[in-house]
Visitor: 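Okay, handing you the structure first.
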Amino acid sequence: MRKSSWAVVAALVLSVLCAAPAEAAVSRAAHLPVDVTATECIQGGGVIIISVDGSGTGSFTKRCQGGTHDGESVT
């Protein structure tokens, strides 16, 4: 039995609309910062930036800047 052209077009449109939110969710998750080691940061072409917390507690943060792991926390 032969399908009508509107049914084929409707099926294609439906498949595209259903696939769009899944791709958007993947791209949002890819931008979340993750912890990388200092070695991974350097090997990825980045440098480690150490920032001191201004509260006087002596705490600091380490981030990878540049390279493959840009903006990710360094463990």
Visitor: Ignoring hydrogens, what is the shortest heavy-atom contact between His69 and Glu40? Give both atom names and the distance.
Guide: CD2-O, 3.2 Å
Visitor: Indicate the atoms forming the closest heavy-atom contact of Ile50 with Phe60, along with that distance.
Guide: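 Where Ile50 meets Phe60 most closely, the heavy atoms are CG2-CD1, 3.7 Å.
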Visitor: Check the hydrophobic clustering (I, L, V, M, F, W, Y; side-chain heavy atoms under 4.5 Å; chains of links allowed) and say if Ile48 and Val36 are grouped together.
Guide: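 Yes, because Ile48 and Val36 connect within a single hydrophobic cluster, where side-chain heavy atoms sit under 4.5 Å apart.
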Visitor: Say you draw a straight line from CD1 of Ile42 to SG of Cys64; how long is it, rounded to the nearest 0.5 Å?
Guide: 7.0 Å
Visitor: How long is the span from the OG atom in Ser51 to the NZ atom in Lys62, to the nearest 0.5 Å?
Guide: 12.0 Å
Visitor: Checking Ser73 against Arg63: is there a side-chain donor and acceptor pair closer than 3.5 Å?
Guide: yes
Visitor: Could you list the residues that satisfy side-chain hydrogen bond (donor to acceptor under 3.5 Å, both in side chains) with Ser59, not counting sequence neighbours?
Guide: Asp53, Thr57
